[in-house]
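For clarity, every value in this text was computed on a predicted model and none was experimentally measured. So you know, we letter chains A, B, ... as the sequences are listed, proteins then strands, and number each from 1.
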Amino acid sequence: RYVRQLQRLQLLFSPTAADARGARQFVEEAAQDFARQHPDVVLYVSPRSGPGPAPVLRAEYLNGTVREELIASKTSEEIVQLATKLANQSGLDIIRIRKPFHTDNPSIQGQWHPLTNKPSILTIQGPHLQPQ
Amino acid sequence: RRSEKPNWDYHAEIQAFSHRVQENFSLELLKTAFVNPCYIESEEARRRQLGLDKDAVALQLQDNTGLAERGLRFARAYLAQCFEGAYPELPAKGIEALVNFLTSQELVSYVAQNLSIQDLTLCRDFPAPPDVLQRTFLAVIGALLESSGPERTGIFVRDFFIPQLIGKDLFEIWEVVNPMGLLVEELTKRNISAPEPRITRQLGVSTVLPVYFVGLYCDKKILAEGPGETLLAAEEEAARVALRKLYGYTENRRPWDYSKPKQGLAAEKAISSN
């Protein structure tokens, strides 16, 4: 079954700073809808008073990684899109993936080794092989 | 500890946990499932240290040992039944080895860590030791058993434990000391004559790294073939390959069936056999 990898989102913003306007609009309008649509993510809204550091959206994942995204001077829709993007991610590090494919069964009929198609010492009885 | 950092709401976290796993829990059972006995002792010790009267502020928490036992019994019975259905040839010792591996401390604590159970447990030490995580996860399974019934718990156990077997070989999990003896027993049970080992191919006999392919033949029909460094090692490997083929646990077997179960008889049998 699918287990969403996002554990909780913490929205840290200041109620007076100018660049947190999008964050305040998000909290007023869209935060409740977002929380209802994603019942398995805990959304914490913590306003911190006074001119502090820039408003930030912190995402914690099940494997422990914490990702912070700046939301200064972003509109409410952009923050919604950002939050859904974070909700659909997993907590793996965002690094370059070396190859876009991976298999656990690299060979189906058995990997070739230097003895695959050589005739053996004994005769093998099979549907097509004749004893020599 | 995460519960001591800012922004932590226990009730909301527990609700989110039940949604994440897509199961309906009764919240009180779930909360008791996360309480460990070491937490109760440490809380009582702390209260005594702070000088509070014991009767005034009594801890009314029950710990999770009962739920954990029930969860463990159900999980073992259900997994044993799954394997008996999927690999009917596998002997009882093999099934026991598989079930023991799946309910071992490391595996269960690994699954619990990746489901954020280590944040929700109430226990004395931090980070939570693996046996505490194992007990908590089994108690969660027990709580689910009480809340939703054996069918849904069976599906839950299947979805979270059986994918841990992907990519694992039978003899990595089940230690077999004498595969040749076991093979001879299995063949006598099926009334096939004893296997006869013959060298099929060999490479580099007089070098440091020889490779021998020994094939096991019954009535001059091939049973299995295995490589090895010395003749004895190759014979043992061929016996293991033959056992894998007989028990149906080869690498190219059908993958596990995760479709919705139609009958409720299977889970009820698991409960009645406890």
>> Keeping A:Gln7 on the side-chain end and B:Glu13 on the backbone end, is there a donor-acceptor pair under 3.5 Å?
In response: no
>> Can you tell me which portion of B:Phe160 sits under 4.5 Å from chain A's heavy atoms? Options are side chain, backbone, both or neither.
In response: side chain
> Does A:Arg8 reach the side chain of B:Asp119, with side-chain heavy atoms less than 4.5 Å apart?
Replying inline: yes
> Has B:Asp169 got more than 12 heavy atoms of other residues, nucleotides or ligands less than 6.0 Å from its CG?
Replying inline: yes
> Just wondering, more than 12 heavy atoms not from A:Glu29 lying within 6.0 Å of its CD?
Replying inline: yes
> Around atom CD of B:Glu28, are there more than 12 heavy atoms of other residues, nucleotides or ligands at under 6.0 Å?
Replying inline: no
> Is it the backbone or the side chain of B:Glu225 that comes under 4.5 Å from a heavy atom of chain A, or both, or neither?
Replying inline: neither
> Of all heavy-atom pairs between A:Leu62 and B:Asn114, which one has the smallest distance, and what is that distance?
Replying inline: CD1-O, 3.1 Å
> Side chain, backbone, both or neither: which part of B:Gln22 has a non-hydrogen atom closer than 4.5 Å to chain A?
Replying inline: both
> In terms of heavy-atom proximity below 4.5 Å to chain B, should A:Leu43 be classed as side chain, backbone, both, or neither?
Replying inline: neither
>> So which atom in B:Asp9 and which in A:Tyr44 form the shortest heavy-atom distance, rounded to 0.1 Å?
In response: N-OH, 2.9 Å
> When only heavy atoms count and the cut-off is under 4.5 Å, which of residues 72-81 of chain A reach chain B?
Replying inline: none
> Considering residues, nucleotides and ligands other than B:Arg190, do more than 12 of their heavy atoms fall under 6.0 Å from its CZ?
Replying inline: yes
>> Using heavy-atom distances under 4.5 Å, tell me whether A:Gln5 contacts chain B through its side chain, its backbone, both, or neither.
In response: neither
> More than 12 heavy atoms of other residues, nucleotides or ligands under 6.0 Å from OH of B:Tyr110: is that the case?
Replying inline: no
>> Counting neighbours of CZ on A:Arg21 that are heavy atoms of other residues, nucleotides or ligands and sit closer than 6.0 Å, is the number greater than 12?
In response: no
